[in-house]
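See structure below.
Reminder, nothing fancy here: chain letters follow the sequence lines and each chain counts from 1.
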Amino acid sequence: MERRTALKSMAVAVGGLISLPTWANGWNKATVQSFNSPLTLNANAILAEVVETIIPKTNTPGAKELGVHEFVQKMVADCYEPSAQENLTKGVAITDEMAQKTFNKPFVDCSAEQRTELLNQMSKSADASAKGFFSLVKGLTIRGYMNSEYVMTNITKYELIPGRFHGCVPVPSKTISQKPTK
Amino acid sequence: MANFAIDAVKETTYDAIVIGSGISGGWSAKELTGKGLRTLVLERGRDVKHVTDYPTTMKNPWEFEHRGQLPLKVREENPIISKCYAFNETSEHFFVKDAEQPYVQEKPFDWIRGYQVGGKSLLWARQTQRWSEFDFEGPARDSFAVDWPIRYADIAPWYSYVEKFAGIAGNKDGLPTLPDGEFLPPHDWNCVEKYFSQQVAKQYKDRHVIMGRCAHITKPQPVHLQQGRAQCQHRTICERGCPFGGYFSSNASTLPWAAKTGKLTLRPNSVVHSIIYDEKKGKATGVRVIDATTKQMMEFYARIIFVNAAALNTNLVLLNSTSSRFPNGLGNDNGLLGKYVAFHNYRAGISGEYDGFLDSTTDGRRPNSPYIPRFRNVYKQETDFLRGYAAGFSAGRISRTSQDGIGADLKENLFNPSLGGWHVGSHMMGETIPKESNYVALDSNQKDPFGIPQLRISVAYDDNDDKMVKDYQEQMTEMFTMAGFKNIKVRDDKRNPGLDIHEMGGVRMGKDPKTSLLNKWNQLHACKNVFVTDGACMTSTSTQNPSLTYMALSARAVDYAVKEITKKNL
């Protein structure tokens with residue numbers, strides 16, 4: 001991380017100060033992070049637990065902590081067909097209904113094991129809405145999580161400025177150094 | 001008040017005007033100002049200053065709202081530009097949105113444009129292969145289009161001239177099909193690419209796999225440091241604009257160099273309407289411009305005009321420059337302006353796998369790849385189609401990540417990808433034959449948002465292209481099989497012409513004013529103080545990437561123009 005910061009400052013030194021021109025004020029950080037959830041507060045809380053069940057906190061943060069549930073909603077709202085939005089809203093409701101039916105309590109009150117069981121059921125469900133919701137959310141959860149600052153900085157170690165290309169190097173014994181424990 | 005009018009003319013008069021600030025416009029500007037001419041560069045798009053106007057260049061992937069993907073609304077509003085491989089959330093601000101300049105597709109054509117200072121030089125894929133004698137002799141030998149008025153020897157010193165300044169990485173391979181240039185150190189091969197190159201060399205005496213020559217500074221020379229450019233940092237996010245100036249762009253290289261002379265006036269937001277022709281003087285006197293911000297029409301005057309608006313827009317500007325002397329467009333006495341448009345055919349590709357070298361992989365990123373120069377019909381006609389194709393080639397290992405399970409199991413899978421085998425792939429770059437029936441023209445009714453006639457584009461593939469696609473697939477399959485690659489799959493994506501972003505012609509060079517628009521100095525036969533040195537001037541397309549040739553032709557044409565001015569011929 002220190003090396004990357006150093007390289008970033010070097011880039012600034014080489015190229016001059018990087019500031020945003022007026023026409024590009026759509027790119028500032030506040031805009032990127034501002035977000036209006038299309039879901040109700042309750043639905044948002046359920047989705048947060050769904051993504052957390054898909055990628056939970058271990059010795060590394062879970063999906064909820066990294067705000068992946070918001071990423072899922074943002075992607076569905078902005079980048080997907082309107083039908084995906086319906087699928088998301090409906091799926092959250094189905095998740096809660098299934099929790100009520102199976103464990104007699106809301107999804108957010110279920111234990112981690114119960115939530116996992118419910119999502120596993122949904123993944124194999126004959127109901128297209130349940131199955132579609134699960135696969136949509138799982139795909140986006142993986143994408144949001146793996147592309148998060150935390151994971152790209154600490155686990156997969158993305159390099160903005162590699163500064164090199166070597167065509168033939170021995171395969172490293174382990175591609176990613178950090179292993180989560182259960 | 002009379003004085004006021006005289007002053008106004010003086011203030012809008014320059015020695016030279018350059019229309020367009022992309023790769024060729026940047027070079028025209030650098031050469032003109034370098035020779036002491038007060039030069040006005042007109043750019044229809046907004047200003048983009050090197051580094052400060054690259055808003056995404058230092059962003060990490062997680063800093064993009066949609067992680068690089070474009071919102072549905074943007075894709076729906078822009079069906080044409082959305083097909084371009086480089087158009088995404090990180091680079092969309094450098095592409096022309098579909099509604100900005102509508103055009104008529106008489107036949108499907110995906111017109112990819114970049115309107116800003118620097119044009120598409122911010123976005124190009126940076127391959128810079130020289131053309132060879134086979135390319136300049138092609139039309140005469142194979143009886144198509146019209147003979148080029150120049151040969152390789154005419155342009156060779158100018159290739160050297162622009163290569164040294166731009167910074168071209170490459171290896172001297174000693175191939176007649178792809179002459180060597182002034183190279184910085186080449187990029188590295190990976191094991192499988194090197195292996196394939198050796199296998200091909202063993203098996204075929206006339207086929208070669210070389211490292212691509214590209215406009216990246218692999219080892220800065222004093223002339224690059226003087227431009228304020230630094231070594232390529234292997235980021236491979238070039239389409240965001242490079243803050244290091246690691247690759248060649250007008251913004252990093254030619255335009256700031258021209259500005260340092262004190263002779264450059266750069267005017268962004270200036271949509272060129274037409275070139276003004278003075279019948280009494282028998283020459284062009286200036287350019288009509290619509291200010292993109294105020295929508296006001298204004299005029300600028302100069303002794304010489306370089307048209308570098310990018311191939312199809314250069315055609316558009318000339319077609320729209322009518323007068324009683326030239327009712328069908330400037331210099332268009334023979335009616336051929338806008339005709340003989342051609343392009344490169346990128347339709348076909350091939351992929352495969354290789355199970356050797358499993359103990360090796362790559363480290364870092366490379367903004368370049370190996371290249372297979374044309375090997376078909378080079379010395380004689382040997383197939384049932386004219387000309388040939390070059391190809392890109394590359395190999396890489398794939399990281400495989402299991403997405404099975406949920407919970408901690410899934411997390412463990414995601415954090416522990418396995419390194420898959422080597423994947424190999426290639427794409428073709430076919431030469432298409434310029435034909436009269438492939439043309440652009442002005443639409444008589446429909447106008448763009450500036451009130452300028454829309455361009456009608458009527459460009460399509462023909463049988464020759466289909467046969468070439470088939471041959472590429474067959475020959476590459478043979479080469480891949482010979483090298484022991486497995487699971488070989490060929491494709492033909494049937495993409496529309498245009499998407500290759502290598503459109504050329506319409507204002508072709510030639511020896512005879514009856515059959516061409518430009519002479520051997522890129523000068524309009526019928527209007528000597530107007531020069532065209534972008535893709536519009538190309539008589540044929542070759543199989544090589546064209547940008548380096550535009551640079552060389554621009555520098556050469558300016559040298560000639562300034563000598564003619566000195567001799568008082570212009």
Side-chain angles (χ1 to χ4, degrees), chain A residues 8 11-12 14-21 23-24 27 29 31-32 53-56 58 60 71 74-75 78-81 112 116 119-120 123 138-139 142-149 152 155 158-172 174-176 178-182, chain B residues 46 49-67 69-73 93 187-191 193-194 228 230-231 233-235 237 243-245 357-366 397 399 401 403 406-412 414-419:
Chain A
K8 248 187 163 175
V12 172
V14 171
L17 191 67
I18 296 168
S19 63
L20 288 173
W23 60 264
W27 275 276
K29 194 124 188 162
T31 318
V32 171
T53 309
I54 294 169
I55 302 181
T58 53
T60 50
F71 171 76
K74 182 150 198 65
M75 291 300 287
D78 293 353
C79 298
Y80 282 60
E81 298 286 341
T116 304
L119 291 190
N120 274 328
S123 74
K138 182 178 172 182
I142 291 171
R143 194 162 152 205
Y145 188 79
M146 295 307 285
N147 284 301
S148 66
E149 179 171 5
M152 293 195 88
I155 314 287
Y158 172 78
E159 293 178 307
L160 183 63
I161 307 170
R164 66 181 188 285
F165 175 77
H166 303 298
C168 289
V169 299
V171 171
K174 195 86 197 79
T175 40
I176 286 175
Q178 192 173 345
K179 222 182 154 183
T181 50
K182 287 188 192 179
Chain B
R46 64 186 157 76
K49 288 200 176 61
H50 184 50
V51 187
T52 49
D53 289 333
Y54 305 156
T56 58
T57 194
M58 293 308 286
K59 278 187 162 193
N60 285 294
W62 58 86
E63 293 175 274
F64 291 94
E65 227 176 332
H66 306 100
R67 304 292 193 267
Q69 191 175 327
L70 281 166
L72 184 67
K73 189 167 176 284
H93 46 287
H187 285 107
D188 198 8
W189 300 82
N190 67 42
C191 305
E193 291 163 350
K194 191 80 218 167
Q231 190 160 330
Q233 295 298 307
H234 298 259
R235 304 181 338 137
I237 44 178
F244 301 94
F357 298 106
L358 291 175
D359 53 352
S360 291
T361 188
T362 59
D363 177 40
R365 299 195 288 266
R366 184 185 58 195
R397 291 193 80 169
S399 176
T401 309
Q403 300 196 347
I406 62 167
D409 288 343
L410 172 62
K411 203 170 179 182
E412 185 159 339
L414 295 174
F415 284 0
N416 293 282
S418 61
L419 197 55

Q) What's the spacing between A:E81 CD and B:L72 CG if we round to 0.5 Å? A) 5.0 Å
Q) Which is it for B:H66 and A:D78 under the side chain to side chain contact (heavy atoms under 4.5 Å, CB included) test, yes or no, and what are the steps along the way? A) CA-CA 8 Å; B:H66 306 100; A:D78 293 353; 2.6 Å; yes
Q: Could you tell me the separation between the CZ atom of A:R143 and the CD atom of B:Q403, rounded to the nearest 0.5 Å?
A: 11.5 Å
(Q) As a test of understanding, state which of B:R67, B:E65, B:Q69, B:K73 forms a side-chain contact (heavy atoms from CB on, under 4.5 Å) with A:C79. (A) B:Q69
Q.
To the closest 0.5 Å, what do you measure between CG (B:D363) and CZ (A:R164)?
A. 4.0 Å
Q.
Donor-acceptor check, side chain of B:K411 to backbone of A:P56, threshold 3.5 angstrom: yes or no?
A. yes
Q: Can you see which heavy atom on B:F244 is nearest to which on A:I161, and at what distance?
A: CZ-CD1, 4.0 Å
(Q) Between B:I237 and chain A, with a heavy-atom cut-off of 4.5 Å, which part of the residue counts as in contact: side chain, backbone, both or neither? (A) side chain
**Q.** Heavy-atom side-chain contact between A:M146 and B:F415 under 4.5 Å
**A.** yes
Q: Walk me through it: do B:E412 and A:T58 pass the test side chain to side chain contact (heavy atoms under 4.5 Å, CB included)?
A: CA-CA 10 Å; B:E412 185 159 339; A:T58 53; over 6 Å; no
Q. Taking every heavy-atom pair that is under 4.5 Å apart, which of A:G144, A:S148, A:G163 has the most such pairs with chain B?
A. A:G163
Q: Indicate the atoms forming the closest heavy-atom contact of B:T362 with A:G167, along with that distance.
A: CG2-O, 3.2 Å
Q: Enter the distance from A:M152:CE to B:E63:CD here, rounded to the nearest 0.5 Å.
A: 11.0 Å
(Q) Holding to side-chain hydrogen bond (donor to acceptor under 3.5 Å, both in side chains), I want the full list of residues that pass it with B:R235, two or more places apart in sequence or in another chain. (A) B:T57
Q. Is the closest side-chain heavy-atom distance between B:L410 and A:K138 below 4.5 Å?
A. yes
**Q.** B:G364 versus A:P162, closest heavy-atom pair with distance
**A.** CA-CB, 4.4 Å
(Q) Can you tell me which of A:L119, A:I142, A:I55, A:N120 forms the most heavy-atom pairs within a distance under 4.5 Å of chain B? (A) A:I142
Q.
For A:F165 versus B:R365, what's the shortest heavy-atom pair and its separation?
A. CB-O, 3.3 Å
Q) So, do A:T116 and B:I406 sit near enough that their side-chain heavy atoms are less than 4.5 Å apart? A) yes
